[in-house]
Amino acid sequence: MNMFDLREHKDLIHSLVAEADEKSIKWEWSVESIERTKVRIFWSYLEYCNQPEPYYTVELEDTGNGCWIHAKDENGDTMESEIVTDNEMPFLNCPLDEVIKKMIRCICY
């Protein structure tokens with residue numbers, strides 16, 4: 001399975017989070033880290049609420065038959081998921097940059 005690399009989309013990720021930060025009146029949004037399969041997005045409101053991990057995440061998952069992407073909250077619970085590739089149902093495939101946009105907008109808006 002050819003796994004995707006979120007680091008190849010770092011400019012897109014940074015611009016989407018910066019856009020959310022500009023629109024937020026009170027709370028700061030920023031990219032904490034971008035790894036191959038995981039992006040951590042900091043939200044200052046979660047820090048204010050004393051969350052031990054004040055981050056949302058976007059994560060790629062190798063399903064063995066394709067690749068999914070998930071937006072997860074500060075507790076690791078999935079908020080949204082999308083198919084990036086599926087070997088059995090390729091008509092459901094979605095370009096990685098499009099699903100990154102969808103996951104970050106799910107988190108930040």
Side-chain angles (χ1 to χ4, degrees):
M1 171 77 204
N2 181 12
M3 186 61 130
F4 296 93
D5 190 334
L6 292 170
R7 296 171 296 193
E8 294 174 4
H9 300 271
K10 67 180 181 186
D11 292 341
L12 172 64
I13 293 165
H14 279 286
S15 69
L16 290 168
V17 174
E19 181 182 301
D21 187 53
E22 286 177 20
K23 291 182 179 182
S24 180
I25 295 170
K26 188 172 182 179
W27 306 107
E28 174 192 346
W29 290 97
S30 62
V31 177
E32 175 69 18
S33 62
I34 302 175
E35 300 169 13
R36 187 174 66 83
T37 62
K38 185 176 184 179
V39 174
R40 288 171 34 121
I41 299 171
F42 171 79
W43 188 30
S44 63
Y45 177 74
L46 295 174
E47 185 176 64
Y48 170 79
C49 294
N50 295 316
Q51 284 290 336
E53 290 288 321
Y55 308 100
Y56 288 93
T57 59
V58 175
E59 296 181 27
L60 289 173
E61 175 192 7
D62 182 344
T63 65
N65 192 39
C67 180
W68 282 66
I69 191 167
H70 309 283
K72 297 186 177 187
D73 68 14
E74 71 278 14
N75 299 311
D77 296 325
T78 299
M79 302 164 52
E80 182 76 47
S81 293
E82 189 67 61
I83 295 171
V84 181
T85 61
D86 188 297
N87 296 335
E88 292 181 8
M89 298 181 288
F91 55 90
L92 295 176
N93 292 359
C94 191
L96 185 55
D97 59 341
E98 291 302 314
V99 292
I100 288 171
K101 290 177 191 175
K102 182 176 180 181
M103 296 304 115
I104 292 179
R105 288 185 176 136
C106 171
I107 289 170
C108 298
Y109 294 91

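Computed from a predicted model, the values in this text were never measured in an experiment.
- Minimum interatomic distance between Ile83 and Val99 (heavy atoms only, all atoms of both residues): O-CG1, 4.2 Å.
- Cluster annotation: Tyr55 and Val39 are assigned to distinct hydrophobic clusters (Ile/Leu/Val/Met/Phe/Trp/Tyr, side-chain heavy-atom contacts under 4.5 Å, transitive).
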### Query
Yes or no on side chain to side chain contact (heavy atoms under 4.5 Å, CB included) for Met103 and Tyr56, after CA distance, side-chain angles and deciding distance?
CA-CA 10 Å; Met103 296 304 115; Tyr56 288 93; over 6 Å; no
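- Leu60 and Ile104 fall within the same hydrophobic cluster, defined by Ile, Leu, Val, Met, Phe, Trp and Tyr side-chain heavy atoms under 4.5 Å apart, directly or through other members.
- Interatomic distance, Asp97 CG to Ile13 CD1, rounded to the nearest 0.5 Å: 10.5 Å.
- Remark: Lys101 NZ to Glu19 CD distance equals 10.0 Å, nearest 0.5 Å.
- The hydrophobic cluster containing Ile100 does not contain Phe42, counting ILVMFWY residues as joined when their side-chain heavy atoms lie under 4.5 angstrom apart, directly or transitively.
- Of all heavy-atom pairs between Glu47 and Pro54, the closest is N-CB, 3.5 Å.
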### Message
side chain to side chain contact (heavy atoms under 4.5 Å, CB included), that's the test. Do Trp29 and Ile41 meet it? Break it down for me.
### Response
CA-CA 7 Å; Trp29 290 97; Ile41 299 171; 3.7 Å; yes
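- Criterion: ILVMFWY side-chain heavy atoms under 4.5 Å apart, direct or through other members. Under it, Met79 and Val84 are part of a common hydrophobic cluster.
- The one candidate from Lys102, His70, Lys72 that meets the side-chain hydrogen bond (donor to acceptor under 3.5 Å, both in side chains) condition with Ser81 is His70.
- Nearest heavy atoms, Asn93 versus Thr85: OD1-CA, 3.2 Å.
- Asp73 contributes a side-chain N or O that, together with a main-chain N or O of Asn75, makes up a donor-acceptor pair within less than 3.5 Å.
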### Task
Take Glu35 and Leu6, measure what side chain to side chain contact (heavy atoms under 4.5 Å, CB included) needs, and give me the verdict at the end.
CA-CA 7 Å; Glu35 300 169 13; Leu6 292 170; over 6 Å; no
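- Tyr45 and Glu74 are not linked by any side-chain donor-acceptor pair at a separation below 3.5 angstrom, with hydrogens and angles left out of the test.
- Taking NE2 from His14 and OG from Ser30, the interatomic distance works out to 9.5 Å, rounded to the nearest 0.5 Å.
- Linking Ile, Leu, Val, Met, Phe, Trp and Tyr whenever their side-chain heavy atoms come within less than 4.5 Å puts Phe4 and Val31 in one cluster.
- When all heavy atoms are compared, the tightest approach of Pro90 to Asn87 is CD-O, 3.8 Å.
- Heavy atoms only, all atoms of each residue included: Thr57 and Arg40 are closest at CG2-CG, 3.9 Å.
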### Test side chain to side chain contact (heavy atoms under 4.5 Å, CB included) applied to His9 and Ile34, step by step
CA-CA 9 Å; His9 300 271; Ile34 302 175; over 6 Å; no
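- Side-chain contact between Thr37 and Glu59: absent, with no pair of heavy atoms (C-beta onward) separated by less than 4.5 Å.
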